[in-house]
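Counting starts at 1 for both ligands and their atoms, in listed order. These numbers were taken from a predicted model, which means no experiment stands behind them.
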Amino acid sequence: MDADAVVVGSGPNGLVAAVTLARAGRRVLLLEAADRFGGGLRSAELTLPGRVHDVCATVMAMALASPAFRSLELKGVQFAHPPVAAAHPLDDRPAVLVHRDARCTAEGLGRDARAWLATAGAAARGGLPLVELLLKPLGPWRLDVPAFARAARFGAAAVLPATTLARRVFGTVEGRALIAGMAAHTVNDLRSPLTGGYGLMLAALAHLVGWPLVRGGSQVLADALVAELRSLGGQAVTGHRVRRLAELSAPTVVLDVSPRQLLAMADLPPAYRRRLSRFRRAPGVFKMDWALDGPVPWRDPGVAGAGTVHLGGTLEEIALSEAETAAGRHSPRPYVLAVQPYAADPTRGGHTLWAYCHVPNGSDVDMTDAIETQIERYAPGFRDRVLARHAMGPAALEAANPNLVGGDITGGLTSLAQFLRRPVWSPAPWRTPLPGVFLCSASTPPGPSVHGMGGWQAARLALRAG
Ligand SMILES: Cc1cc2nc3c(=O)[nH]c(=O)nc-3n(C[C@H](O)[C@H](O)[C@H](O)COP(=O)(O)OP(=O)(O)OC[C@H]3O[C@@H](n4cnc5c(N)ncnc54)[C@H](O)[C@@H]3O)c2cc1C
């Protein structure tokens, strides 16, 4: 095929870029290194035959809120909502539950009810225009004055470290723990600026659009995007890893790759090369998948209906665990993020569970016992339910997807500096100095998660460039 545009990598950003370009009439060739499309959207039988596991992403809050995905109006993808978006069990008291309804969530927070409504609740009331501002930090925007005003108010709290936000605004163990569990999705030290805002935004999304998953597995979403690309005349190929840009001959190239790969692939001007080399990795993750013979036996039955479960206890414990990881050490009692798809989707061949904890980048330490011990802490008897387990440390994650450098699942550290320089400081950071070459991975704004916004922005720039 004589392509007008080659897209390298089929993560959500690459797929959105490919479909956006094809819808604008470009002849698109999509090249994927792995033997399946999807990147972070892949699903596979990781444990037993017939058990569908999401290798990476399951929770699709960002996809549902994303202007890019909403504009694609994909057919054949069903989102399934668990009865409870997220749960945060605690040792000596009932679990905190995050419901779709902000008031219902606030009721469970006692003295912190008003604080919840004034932060996460207020951000949710900002609605999709506010989310759009956050997902398109560098525009383009329609001038929506109320959304800008709400963003300014939200921005003041959002820039705070999670530890400061939790201690200043929340007074209960429950409220503070909940903020910590949400903010720890950043895979960052909770004393870092912006971690509070990220946590609040995730919580607000639970109220605004929910934290659903894709019925049948995240692969269904990737496959729908590939089908859409092919229906528009595009070509998509697996098992093709691009190592040098010189291999490609198309006027437009969109790269869903890490900055490290871009450095290895291309002869870049020295100044840009220097700036890219300064891009910092995040810690890694150690991820586990289980096939179970029934639901997880949570001590608090309220946790059973939650799609996502934050394990690790109080603000102090979670902040310590994240600080240890950021300092290059393995936490003996790590924060564990668990997802139980069966709470929303009965089509995955039985009860499956996944969970990860954060580890220093490139770690080769087996965290199986530490993760399972944290689950047992809130669900005694969990190990007795395990039929089969599968573990992936940083090396296995990177072998499956070269963008997960050293197990970094956020495409680079989620610091304030790298919020502004992602991967370089520029009004259009998706553009590279090479004519017609664009970067669209999670290492570009707005960063990690399944929202496809990097791909959408890169494709729009490519179309504008002619
Ligand atoms: C364990 C885990 C759990 C997660 N959970 C969630 C979640 O629940 N919700 C959420 O929103 N996000 C989640 N994420 C994050 C989310 O998956 C990523 O932020 C998102 O997938 C990034 O999309 P991307 O398009 O930038 O890149 P990726 O999804 O990483 O895809 C990049 C693709 O490009 C291919 N590629 C790379 N280099 C080349 C090359 N040289 N040639 C050809 N192909 C190449 C790779 O093989 C891969 O398929 C999770 C991530 C992980 C790892």
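Using a 30° and 60° split on the angle between ring planes, H358 and Y356 fall in the tilted class, from 30° to 60°.
Those atoms of ligand 1 that come under 4.0 Å of a heavy atom in S441, given as number and element, are 26 (O). Near H240, meaning under 4.0 Å from any of its heavy atoms, are these atoms of ligand 1: 42 (N), 43 (C). Counting the atoms of ligand 1 from 1 in the order shown, those under 4.0 Å from a heavy atom of V8 are 40 (C), 42 (N), 43 (C). Residue L31 approaches ligand 1 through these ligand atoms, each under 4.0 Å from one of its heavy atoms: 43 (C), 44 (N). Within the listing of ligand 1, atoms 41 (N) sit less than 4.0 angstrom from a heavy atom of M265. Shown in contact with G39 at under 4.0 Å from a heavy atom are these atoms of ligand 1, numbered in order with element: 29 (O), 31 (O), 48 (C), 49 (O). Heavy-atom contacts of P402 reach the following atoms of ligand 1: 37 (C), 38 (N), 47 (O) (cutoff under 4.0 Å). Annotation for ligand 1: atoms under 4.0 Å from non-hydrogen atoms of P448 are 19 (O).
Protein heavy atom in closest approach to atom 42 (N) of ligand 1: V242 N, 3.0 Å. Distance from atom 35 (C) of ligand 1 to its nearest protein heavy atom, with residue and atom name: E32 OE1, 3.3 Å. Summary of contacts: the protein heavy atom closest to atom 36 (N) of ligand 1 is G9 CA, 3.9 Å. Q261 NE2, 2.8 Å is the protein heavy atom nearest to atom 38 (N) of ligand 1. Among protein heavy atoms, atom 52 (C) of ligand 1 sits closest to C56 CB, 3.4 Å. Nearest protein heavy-atom neighbour of atom 43 (C) of ligand 1: A33 N, 3.2 Å. With respect to atom 33 (C) of ligand 1, the closest heavy atom belonging to the protein is G11 N, 3.6 Å. At the top of the distance list for atom 22 (C) of ligand 1, counting protein heavy atoms only, stands A442 CB, 4.0 Å.
Remark: ligand 1 and D256 share an N or O pair separated by less than 3.5 Å (distance only, no angle test). Here's the thing with V257: none of its N/O atoms is less than 3.5 angstrom from an N/O atom of ligand 1. When only interatomic distances are considered, the shortest N/O to N/O separation between K287 and ligand 1 does not fall below 3.5 Å. For a threshold of 3.5 Å applied to N or O pairs, the pair formed by L397 and ligand 1 contains no separation below that value.
Nearest-heavy-atom check against atom 10 (C) of ligand 1 across V59, V285, T444 picks out V59. When the heavy-atom distances from atom 16 (C) of ligand 1 to G455, P12, S449, G407 are ranked, the shortest goes to S449.
Only the side chain of N403 comes within contact range of ligand 1, with a heavy atom under 4.0 Å; no backbone atom does. Contacts with ligand 1 closer than 4.0 Å are made by heavy atoms of both the backbone and the side chain of V450. Counting heavy atoms under 4.0 Å from ligand 1, residue M60 does not touch it at all.
Separation of atoms SG (C440) and CG (L461) is listed at 11.5 Å; rounding is to 0.5 Å. Taken from NE2 in H390 to CG in L48, the straight-line distance is 11.5 Å, to the nearest 0.5 Å. For the atom pair CG (D408) and OG1 (T414), the distance works out to 9.0 Å, reported to the nearest 0.5 Å.
Using a cut-off of 4.0 Å between Lys/Arg side-chain N and Asp/Glu carboxylate O, R281 and E398 are scored as not salt-bridged.
Looking only at atom types and distance, the side chain of D256 has no donor-acceptor partner in the side chain of S441 under 3.5 Å away. In this model, no donor atom of one side chain and acceptor atom of the other lie less than 3.5 Å apart for R460 and Q457.
Residue M392 places every heavy atom at 4.0 Å or more from ligand 1.
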**OP:** Go through the steps for V450 and F69 under the test side-chain contact (heavy atoms from CB on, under 4.5 Å), then give the verdict.
**Re:** CA-CA 9 Å; V450 177; F69 273 106; 4.1 Å; yes

**OP:** May I have the step-by-step check of side chain to side chain donor-acceptor pair (under 3.5 Å) for T58 and W354, ending in yes or no?
**Re:** CA-CA 10 Å; T58 297; W354 69 251; 2.7 Å; yes

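Side-chain rings of Y198 and H185 stay apart, their centers remaining 6.0 Å or farther from each other.
For E228, the salt bridge (charged side-chain N to carboxylate O under 4.0 Å, His left out) criterion is met by R23, not counting sequence neighbours. Shown here are the side chain to side chain donor-acceptor pair (under 3.5 Å) partners of T47, two or more places apart in sequence or in another chain: H53.
Within 6.0 Å of CZ on R431 lie no more than 12 heavy atoms contributed by other residues, nucleotides or ligands. Taking a 6.0 Å sphere around CZ of R280, one finds it holds 12 or fewer heavy atoms contributed by other residues, nucleotides or ligands.
Here the side chains of S192 and L194 are not in contact, with every heavy-atom distance at 4.5 Å or above.
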